[in-house]
Undergrad: 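Attaching a single structure in structure tokens format; questions to follow.
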Amino acid sequence: MMARQKGIFYLTLFLILGTCTLFFAFECRYLAVQLSPAIPVFAAMLFLFSMATLLRTSFSDPGVIPRALPDEAAFIEMEIEATNGAVPQGQRPPPRIKNFQINNQIVKLKYCYTCKIFRPPRASHCSICDNCVERFDHHCPWVGNCVGKRNYRYFYLFILSLSLLTIYVFAFNIVYVALKSLKIGFLETLKETPGTYPPLAVEVLICFFTLWSVVGLTGFHTFLVALNQTTNEDIKGSWTGKNRVQNPYSHGNIVKNCCEVLCGPLPPSVLDRRGILPLEESGSRPPSTQEASTSLLPQGPAPIDHLSNEMPEDTSTPEEMPPPEPPEPPQEVMEAEK
Ligand SMILES: [Zn+2]
Ligand SMILES: [Zn+2]
């Protein structure tokens with residue numbers, strides 16, 4: 001499951017593979033002899049773990065919600081028309097929202113004009129993947145995929161292990177220069193190792209810039225995990241803004257929140273990758289959704305049934321595209337684009 005923009009993902013792979021290859025080829029050999037053979041072993045473990053979690057994040061289904069089939073979409077459309085009644089010419093149609101009361105709170109499910117479904121709570125439409133994603137966190141170009149309900153934990157483990165790997169490589173590069181300098185002096189170290197100096201400089205530079213960005217990002221996501229919040233909710237201030245609504249997903253306990261986000265049960269993918277749509281149906285849809293032959297969202301309150309512990313929120317992404325078909329999109333969608 002990869003998004004259309006893959007270039008930055010290959011850059012991520014290149015930077016990690018390149019830096020680690022240089023580290024293993026030059027500094028590790030020297031440090032293993034001078035200090036301990038455990039240094040390359042631990043580095044290899046961190047490297048393999050971060051690569052595994054990166055690939056898992058990139059190539060897994062983040063929790064894509066299949067679009068409505070034409071007859072399902074027509075049924076939803078009919079239901080909305082029956083509820084809203086006929087809208088007089090020139091008037092803006094009312095926003096397409098379904099309200100449910102769960103745990104004494106009003107749950108708002110917004111209609112996605114692209115997928116023709118009412119999104120479950122916390123879901124949002126990713127404009128890059130062009131799909132609605134469950135528990136949408138953000139779209140990460142560095143991993144080339146959306147980060148959502150089904151791959152968030154792998155994404156978090158990836159940035160955590162990459163942070164440790166970066167700190168490790170950076171620290172042992174400094175140890176390497178220090179050890180060499182003690183023996184032959186700092187300037188002599190640079191002069192006597194012309195073959196290793198340029199790679200060392202490249203490694204230190206990459207690690208230095210990665211340190212600030214990835215370690216900072218890991219800190220931010222640790223904060224989000226502890227609060228059981230998504231990046232999307234944090235950006236929109238869903239639980240801090242004008243509504244002053246407490247985050248209904250939080251257990252009020254950091255350990256419980258971490259357990260749920262990182263160790264809770266993973267829902268199975270609802271995409272049928274081998275599903276083939278009839279020609280007349282597939283012709284009317286973009287290629288990215290032809291694989292989805294089942295619809296997760298029925299028309300009634302059923303989405304709530306399996307999300308019954310989840311609560312309402314505003315779920316449109318800021319980058320969401322305007323609905324292509326209705327001539328006058330409802331105000332709610334217009335506001336989300338600002
Ligand atoms: Zn959608
Ligand atoms: Zn995406």
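Every number for a ligand or one of its atoms is a count from 1 in the order of the listing.
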Undergrad: I want to check a possible cation-pi pair here: K110 against F118, using under 6.0 Å from ring centre and within 45° of the ring axis as the test.
TA: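 No, K110 does not lie over the aromatic ring of F118.
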
Undergrad: Tell me the angle that SG of C146 and SG of C129 form around the Zn ion (ligand 2), rounded to 10°.
TA: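 An angle of 110° at the metal.
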
Undergrad: Taking CD1 in I254 as the centre, count heavy atoms belonging to other residues, nucleotides or ligands within less than 6.0 Å. Is the count above 12?
TA: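 No, not enclosed.
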
Undergrad: Do NZ/NE/NH1/NH2 and the carboxylate oxygens of E134 and R119 come within less than 4.0 Å?
TA: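 Looking at R119 together with E134, the answer is no, because their closest N to O distance does not fall below 4.0 Å.
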
Undergrad: Vertex the Zn ion (ligand 2): angle to ND1 of H139 and SG of C126, to 10°?
TA: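 Taking the Zn ion (ligand 2) as the apex, I get 110° for this pair.
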
Undergrad: Roughly, to 10 degrees, what angle do C115 atom SG and H125 atom ND1 form around the Zn ion (ligand 1)?
TA: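 Approximately 110° at the metal, rounded to tens of degrees.
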
Undergrad: Quick one: are V270 and I65 in side-chain contact, heavy atoms under 4.5 Å?
TA: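 Side chain of V270 against side chain of I65, heavy atoms only: no contact under 4.5 Å found.
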
